[in-house]
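Encoded as C-alpha cells, the structure appears first; notes follow it.
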Amino acid sequence: MTPMDHALEQARAAAALGEIPVGAVITDASGAIIATGHNRTEEQQNPAAHAEFIALQAATAARGQKYLSDCTLTVTLEPCALCAGAIAAFRVQKLVFGAYDPKSGAVEHGPRVFSHATTHHKPEVIGGVRDSDCSALLAAFFADLRNA
C-alpha cells in the first residue's frame, strides 16, 4: 500500500466517526510509516484537531525530536492555513496532498503559505495525488450530511 492508500484509510475512519474525512500519514526517509492521523475536531471539540496536526504531533512524540526534516506528510486534502503553518514549523521535508481545496486550502489556494518570503521553511509540495479518490470521499460525506 502507498502512503496515500493509508491516508485514505485514515480519512474513512474519520468519516465513520462523523468527522470530515481527512487522513494523514507521515513517513520517514525509508518510506516507513511513523505516524497517522485523521480529523478529530468533533470528538475532541477542538478546532485544531486536524489530521495533519495530529499526525505531526504523533510523529515528533514517536521520534523524540521536534523537527521532521527527513519526513513526508501525505494528506488527503490540501492543508488549511493552520496546518500549512504547522508543516513549516515542524520542518517537514515533503508534502503530498490529494484533493485541492479552493475554499479553505492554503498551499495552492488562498494565502499560499509556502510562497511567502517570511515562511522560514518551505517543503517540497506535490498536489493532486489521487485527487479523484480523495475528492469523491469528501463529496460523498457532504452529500450524506445534506440528505440526513
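These numbers come from the heavy atoms of this one structure, side chains and all, not from hydrogens, waters or symmetry mates. Keep in mind the model is a prediction, meaning the values are calculated, not measured.
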* Answer yes or no: is there a side-chain heavy-atom contact under 4.5 Å between Leu56 and Ile26? => yes

* Asked: Roughly how far, to the nearest 0.5 Å, is CG of Asn147 from CZ of Phe142?
  -> 13.5 Å

* Structure fact -> Closest non-hydrogen atoms of Phe53 and Ala48, given as atom of the first, atom of the second and distance, are CB-O, 3.6 Å

* Structure fact -> Heavy atoms of Val22 and Ala51 approach each other most closely as O-CB, 3.4 Å

* Just by distance, do the side chain of His50 and the backbone of Pro47 share a donor-acceptor pair under 3.5 Å? -> yes

* **Expected output: side-chain His116 to main-chain Pro111 donor-acceptor under 3.5 Å** => yes

* Close side-chain approach of His109 to Pro102, heavy-atom, < 4.5 Å -> yes

* To do: Start with the C-alpha gap between Leu77 and Leu138, add the side-chain angles, then the distance that decides, and say whether side-chain contact (heavy atoms from CB on, under 4.5 Å) holds.
  => CA-CA 9 Å; Leu77 182 64; Leu138 287 157; 3.7 Å; yes

* Taking all non-hydrogen atoms of both residues, which atom of Thr74 and which atom of Ala7 are closest, and how far apart? -> O-CB, 3.9 Å

* To do: Output the distance between atom CD1 (Ile126) and atom CD (Glu124), rounded to the nearest 0.5 Å.
  => 4.5 Å

* **Heavy-atom donor-acceptor pair, Gln45 side chain to Glu42 backbone, under 3.5 Å** => yes

* CA sep, side-chain torsions, deciding dist, call: Gln65, Thr60, side-chain contact (heavy atoms from CB on, under 4.5 Å) -> CA-CA 5 Å; Gln65 60 190 50; Thr60 56; 6.0 Å; no

* Of all heavy-atom pairs between Phe97 and Ala99, which one has the smallest distance, and what is that distance? -> CD1-O, 3.5 Å

* To do: Check the side chains of Asp28 and Ser30 for a donor-acceptor pair under 3.5 angstrom, ignoring hydrogens and angles.
  => yes

* Check for a donor-acceptor pair, side chain of Asn39 on one end and backbone N or O of Thr41 on the other, with a separation under 3.5 Å. => no

* To do: Would you please test Asp131 and Asp133 for side-chain contact (heavy atoms from CB on, under 4.5 Å) and show each step?
  => CA-CA 6 Å; Asp131 179 17; Asp133 294 330; over 6 Å; no

* Starting at CG of Leu8, measure out to SG of Cys134 and round the result to the nearest 0.5 Å. => 4.5 Å

* Asked: Where do Ala14 and Ile20 come nearest, in terms of heavy atoms and distance?
  -> CB-O, 3.7 Å

* Within a strict 4.5 Å, meaning less than it, do heavy atoms of the Arg12 and Leu137 side chains meet? -> yes

* To do: Give the intermediate values and the outcome of side-chain contact (heavy atoms from CB on, under 4.5 Å) for residues Lys94 and Val96.
  => CA-CA 7 Å; Lys94 183 193 287 187; Val96 176; 3.8 Å; yes

* Going hydrophobic residue to hydrophobic residue with side-chain gaps under 4.5 angstrom, can you get from Val25 over to Val129? -> no

* To do: Give a yes or no on whether a salt bridge exists between Arg63 and Asp70, defined as a side-chain N under 4.0 angstrom from a carboxylate O.
  => yes

* To do: State whether the side chain of Glu78 and the backbone N or O of Glu108 hold a donor-acceptor pair below 3.5 Å, judged by distance alone.
  => yes

* Roughly how far apart are Leu68 CG and Ile87 CD1, rounded to 0.5 Å? -> 10.5 Å

* Asked: Do any N or O atoms from the side chain of His38 and from the backbone of Pro21 form a donor-acceptor pair under 3.5 angstrom?
  -> no

* Do you know which two heavy atoms are closest between Leu95 and Pro123, and how far apart they sit? -> N-CB, 4.2 Å

* What is the distance from atom OG1 of Thr72 to atom CD1 of Ile33, rounded to the nearest 0.5 Å? -> 11.5 Å

* Residue from Gln10, Glu9, Met4 passing side chain to side chain contact (heavy atoms under 4.5 Å, CB included) with His6 -> Glu9

* Would a distance-only check, ignoring hydrogens and angles, find a side-chain to backbone donor-acceptor pair under 3.5 Å from Asp5 to Thr2? -> yes

* Main-chain N/O of Ala49 paired to Gln44 side chain as donor or acceptor, under 3.5 Å -> no

* Asked: Which distance, rounded to the nearest 0.5 Å, do you find between the CZ of Phe90 and the NE2 of His121?
  -> 12.0 Å

